[in-house]
There are 2 protein chains.
Amino acid sequence: MKKRTYSCGLDAAVDVVGGKWKALILWELHTGVRRFAELRRGIDGISEKMLIQQLREMETYGLVHREVHRQVPPKVEYSLTDFGRSLNEALIPLGDWGERHMSTIEAIPRD
Amino acid sequence: MKKRTYSCGLDAAVDVVGGKWKALILWELHTGVRRFAELRRGIDGISEKMLIQQLREMETYGLVHREVHRQVPPKVEYSLTDFGRSLNEALIPLGDWGERHMSTIEAIPRD
DNA sequence: TCAGGTACTGACCTTTTTCTCAGTGCGAAG
DNA sequence: CTTCGCACTGAGAAAAAGGTCAGTACCTGA
């Protein structure tokens, strides 16, 4: 989320889903409610700092709902809001596209 | 394009469309063939360096076709390949989502 | 002759993003 | 009595992305 104005809807949407981790988090939450540590284990290579940072951002966007259960040890559950689910649905064709062309994309020479 | 392996199709796709300019370029090319300077004028705020950098990247992905007409002054035309068009189609629902929620997204407090 | 348009390229710098690592406080398990 | 898991937080550094600016070589119109 860097911009304040967008030249088209796609521009705005890519700003919301962009970055290294948001798509992965959205994907993990697609299946339902998840605890913090479950997400961390489910998303390969993510650090705790990045995970919270992204979750908090998505919370301020209204995509993710955060529920704290006051108990020891602490239990915090994350889930998608209706808004988040609507985003996930809009992402399905893109996810399918990526799935179909994954090997092509991975084979592209970098730098 | 930073990764070599992806955990899901969405991850791969977001890596391809991510960044500040690619969505905008894709959107501009959606309407047809464009010359370099036309793209520059059409995309508000982009520098020549960024525009070429992104176009070249998209060319190596096979999304964009670059055609040089050997003449003076030079004329270079950019257009989408079939692969690029297939990506654009997969992006339509996301673009629509962004369009629908643009005002919400713009109203989110940053930092 | 001099600015302007064509399509770039490369050096260098700033901003943004991501990563690493250490630490918190509590309870349960070994 | 030490370690583990829980859900974080913050400092500081590294890496990636993006931006500015100057220059190239040629032609056209003023």
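Residue numbers begin at 1 in each chain, while the letters A, B, ... track the order of the sequences. Computed over heavy atoms, backbone and side chain alike; hydrogens, waters and symmetry mates excluded.
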Rounded to whole angstroms, how far apart are [atom1] on [X] and [atom2] on [N]?
| X | N | atom1 | atom2 | answer |
| --- | --- | --- | --- | --- |
| A:E48 | D:dA7 | CD | P | 9 Å |
| B:Y78 | C:dA7 | OH | P | 8 Å |
| B:L55 | C:dT9 | CG | P | 11 Å |
| B:H69 | C:dC8 | NE2 | P | 11 Å |
| A:M50 | C:dC21 | CE | P | 15 Å |
| A:K22 | C:dT17 | NZ | P | 8 Å |
| A:L51 | C:dT18 | CG | P | 13 Å |
| A:I52 | D:dC6 | CD1 | P | 13 Å |

**Report entry** Of A:G45 and B:P74, the one whose closest DNA chain C nucleotide lies more 5'
**Finding:**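 The 5'-side residue here is B:P74.
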Query raised in the report: Contact class for A:K49 (heavy atom, under 4.0 Å): base, sugar-phosphate, or nothing?
Result: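 Counting heavy atoms under 4.0 Å across all strands, the contact made by A:K49 includes a base.
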Query raised in the report: Are any side-chain N or O atoms of A:D15 and backbone N or O atoms of A:D11, one a donor and one an acceptor, separated by less than 3.5 Å?
Result: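 Answer holds: no.
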Please tell me which of the listed nucleotides, [options], lies nearest to the side chain of [X]?
| X | options | answer |
| --- | --- | --- |
| B:W21 | D:dG18, C:dT6, C:dC19 | D:dG18 |
| A:P73 | D:dG18, D:dG5, C:dC8 | D:dG5 |
| A:S47 | C:dC8, D:dA7, C:dT20 | C:dT20 |

Query raised in the report: Is there side-chain contact between A:L10 and B:D96, with heavy atoms separated by less than 4.5 Å?
Result: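 No, every pair of side-chain atoms sits at 4.5 Å or beyond.
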Report task. Please examine the side chains of A:V68 and A:P74, heavy atoms only from C-beta on, and report whether any two atoms are closer than 4.5 Å. Result ->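 A side-chain contact is absent here, since even the closest heavy-atom pair is not under 4.5 Å.
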Requested in this report: Evaluate the side-chain contact (heavy atoms from CB on, under 4.5 Å) criterion for residues A:F36 and A:I52: first the C-alpha distance (whole Å), next the side-chain angles of each, then the deciding distance (0.1 Å), finally the verdict.
Outcome: CA-CA 8 Å; A:F36 180 80; A:I52 302 179; 3.2 Å; yes
Requested in this report: Please state whether the phosphate of C:dC8, meaning OP1 or OP2, lies under 4.0 angstrom from any side-chain nitrogen or oxygen of B:R66.
Outcome: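 B:R66 to C:dC8 OP1/OP2: side-chain N or O found under 4.0 Å.
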Query raised in the report: Under a 4.0 Å heavy-atom cut-off, which of residues 33-41 of chain A touch DNA chain C?
Result: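 Residues of residues 33-41 of chain A under 4.0 Å from DNA chain C: none.
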Requested in this report: Over 60° means perpendicular and under 30° means parallel, so classify the ring planes of A:W27 and A:H30, tilted if in between.
Outcome: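 A:H30 vs A:W27 ring planes: parallel.
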Query - Derivation and outcome, salt bridge (charged side-chain N to carboxylate O under 4.0 Å, His left out), residues A:E67 and A:K75 - result: CA-CA 8 Å; A:E67 190 146 8; A:K75 178 175 176 181; over 6 Å; no
**Report entry** Distance-only donor-acceptor check, side chains B:Y78 and B:R34, under 3.5 Å
**Finding:**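 There is no such pair (donor and acceptor under 3.5 Å, judged by atom type) between the side chains of B:Y78 and B:R34.
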